[in-house]
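A short write-up of the structure that comes next.
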Amino acid sequence: MSANGETGLLERKRSVHYLIATLFIVVGLLCGAMVYLLYNGHRMTETYAPQIWAAMGIKFHLSIGHLWFEEILSGDRHEDIAVVSRHFSKAERHARNLLEGGVYKKGRVFPLADRHVRHNVEEMLVGIAEFRDISDQRYLAFEDALPGSDIDQKFDRVFSVLLQQAEGIETAIRDEINESLVEFYRSGVMLILSFLGLGGLVSTALYRLETQKLENLQALEIANRQISEQNEQLYALAHYDYLTGQPNRALFYDRLNQALLQARRTGQIFALLYVDLDEFKEVNDAHGHHVGDELLCRVTERLVKVVRESDSVARIGGDEFTVLLTNLVDGEQAGHAAKEVAGKVLEVLSSPFEVEGHELNVTASIGIALYPADGEDEHHLMQNADAAMYRAKAAGRNQFSGSAG
């Protein structure tokens, strides 16, 4: 073989070796990229999913503790107050896990890295401690913690702030997830573009990488969807009465404040009716709480039917309801509308209720307060409506009374 032939064969061998080496390098880089993305996807899931669950756990246990506390005070539940304290303790534990790390049933919680978010969690821990102290004070001073009292308003105000803080923490974590997802997706796209021209083994490897990436993205999307569903459930627990489905005390005060703001802005009038069922305790004592609960649902159905869609019916206690009549032009119209609705309430309650084979008769005492004649803030409006309701009871029950008697 000539020297030129040997040189050509050597060059071809070198070319083949170079091609094989290049292929191994490309495949090695691709495999390294696959491992990197798989590792990042797994790390993101392990990091963020427990943090999201912890943030959700804070809201969940605060909401359940708040709900049970109100139910215990109203007499609808008979659990020991220690149950509420346990929920507050679980909320604190979730918050500390976000600061210090910890283990829970779904995995390990890694401490938050963002200093601003950590500061918010530290402030929330202080708020939870304050909320626990207010709960204890309110429970021990039950007679001074009636609806509308200072401690009652402070209790609801601190709870609202805590929910907002928890929502902010969860939003910050979700924003970080979204940023990581964008970076994760960008890395995947770059790899796909880089190795688009490769065939065979490289194409197969990219396909598997994309499949794994999509699985990780789908897992995170499912987590986000679960978060949204949990948020809806938590909102319902925090703002709606579990028994009747109507607004609870917290949502009622929010709507009352909205009515005050609108009335001050537009100069319109609104009316507040405080409805208290007469001697409802006797129903529970005679027939049991399950019959009493069903009777409350039936009463609520009738109350809702006598008001407009724009008005609001709320259950704020065991057998206590409020009705907000809004968008009224003047005091005369407001007084007439309030008396008309109060009369309709007494009328619809006059018909017996059939509950589990029992024929039950229910009456109500109703107090009426008008804005601004009977108060220009929520405290005075509730106080005057409550006083008017007690005058109706003192006058013989099954009737209504205005704030002036």
Side-chain angles (χ1 to χ4, degrees), residues 71 74-76 146-148 240-249 251-252 255-256 270-326 328 334-370 374 381-382 384-403 405:
E71 295 297 324
S74 66
D76 287 342
L146 295 175
Y240 288 90
D241 177 43
Y242 80 99
L243 183 63
T244 64
Q246 292 301 306
N248 61 11
R249 174 190 294 272
L251 184 53
F252 160 70
R255 291 187 176 179
L256 178 57
F270 69 87
L272 168 64
L273 277 64
Y274 198 121
V275 182
D276 186 86
L277 302 184
D278 297 324
E279 299 178 346
F280 179 77
K281 184 176 182 297
E282 294 181 359
V283 175
N284 284 334
D285 293 342
H287 304 289
H289 284 275
H290 63 288
V291 173
D293 288 347
E294 181 61 27
L295 178 59
L296 287 172
C297 293
R298 303 282 184 86
V299 167
T300 303
E301 291 173 359
R302 295 189 185 182
L303 290 178
V304 171
K305 289 180 180 178
V306 303
V307 300
R308 303 167 300 176
E309 289 188 3
S310 60
D311 299 326
S312 179
V313 175
R315 180 183 176 220
I316 63 171
D319 58 353
E320 297 173 335
F321 299 84
T322 55
V323 180
L324 272 179
L325 308 176
T326 56
L328 303 174
H336 176 75
K339 292 177 182 178
E340 182 180 5
V341 171
K344 288 181 179 179
V345 170
L346 297 179
E347 181 181 351
V348 297
L349 294 183
S350 64
S351 301
F353 293 82
E354 292 289 338
V355 181
E356 297 188 9
H358 304 287
E359 183 176 293
L360 304 174
N361 293 295
V362 176
T363 62
S365 298
I366 305 174
I368 300 173
L370 305 180
D374 300 321
L381 282 170
M382 283 295 293
N384 288 328
D386 184 60
M389 180 271 292
Y390 276 108
R391 281 195 295 274
K393 281 191 180 293
R397 298 185 175 89
N398 194 28
Q399 56 186 288
F400 61 85
S401 173
S403 65

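What you see is a predicted model, and the numbers here were worked out from it, not measured in a lab.
The structure places CG of L328 at 8.5 Å from CG of L370, a figure rounded to the nearest 0.5 Å. We find the CD-OH distance between Q246 and Y240 to be 8.5 Å, quoted to the nearest 0.5 Å. Note: Q399 CD to R397 CZ = 10.5 Å, rounded to the nearest 0.5 Å. The CG atom of L295 lies 8.5 Å from the CG atom of N284; values are rounded to the nearest 0.5 Å. Taking CD from E279 and CG from N361, the interatomic distance works out to 12.0 Å, rounded to the nearest 0.5 Å. In this structure, NZ in K339 is found 13.0 Å from CD1 in I366, a value given to the nearest 0.5 Å.
Summarising the geometry of F252 relative to A314, their closest heavy-atom pair is CB-CB, 3.7 Å, with the distance given to 0.1 Å. The minimum heavy-atom distance linking F280 with G292 is given by the pair CZ-O, 3.4 Å. Taking all atoms of both residues into account, the shortest heavy-atom contact from A388 to G402 is CB-O, 3.4 Å.
When the shell of 6.0 Å around NZ of K393 is examined, it contains more than 12 heavy atoms from other residues, nucleotides or ligands. Remark: H358 NE2 is packed, more than 12 non-hydrogen atoms of other residues, nucleotides or ligands lying under 6.0 Å away.
Here the rule is side-chain contact (heavy atoms from CB on, under 4.5 Å) with F321, and of L273, L296, I316, D276 only L296 fits it. A side-chain contact (heavy atoms from CB on, under 4.5 Å) with L325 is found for exactly one of I368, L272, D311, namely D311.
Between the side chain of N248 and the main chain of L251, a donor-acceptor pair closer than 3.5 Å is present. Looking at D278, its side chain does come within 3.5 Å of a backbone N or O of N398 through a donor-acceptor pair. Of the possible polar contacts, one joining the R302 side chain to the V348 backbone as a donor-acceptor pair under 3.5 Å is found.
We find that E294 and R298 are joined by a salt bridge, their nearest charged nitrogen and carboxylate oxygen being less than 4.0 Å apart.
Taking the side chain as every heavy atom from C-beta outward, H287 and E356 never approach each other to under 4.5 Å. No side-chain heavy atom of Y274 sits under 4.5 Å from any side-chain heavy atom of N384. A heavy-atom distance below 4.5 Å is found between the side chains of E354 and E359. Within the 4.5 Å cutoff, no side-chain heavy atoms of V323 are placed close to those of L303.
For S312, the side chain to side chain contact (heavy atoms under 4.5 Å, CB included) partners at least two apart in sequence or on another chain are P247, R255, L324.
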Would you check, one step at a time, whether the test side chain to side chain contact (heavy atoms under 4.5 Å, CB included) holds for L360 with V291? CA-CA 10 Å; L360 304 174; V291 173; 3.8 Å; yes
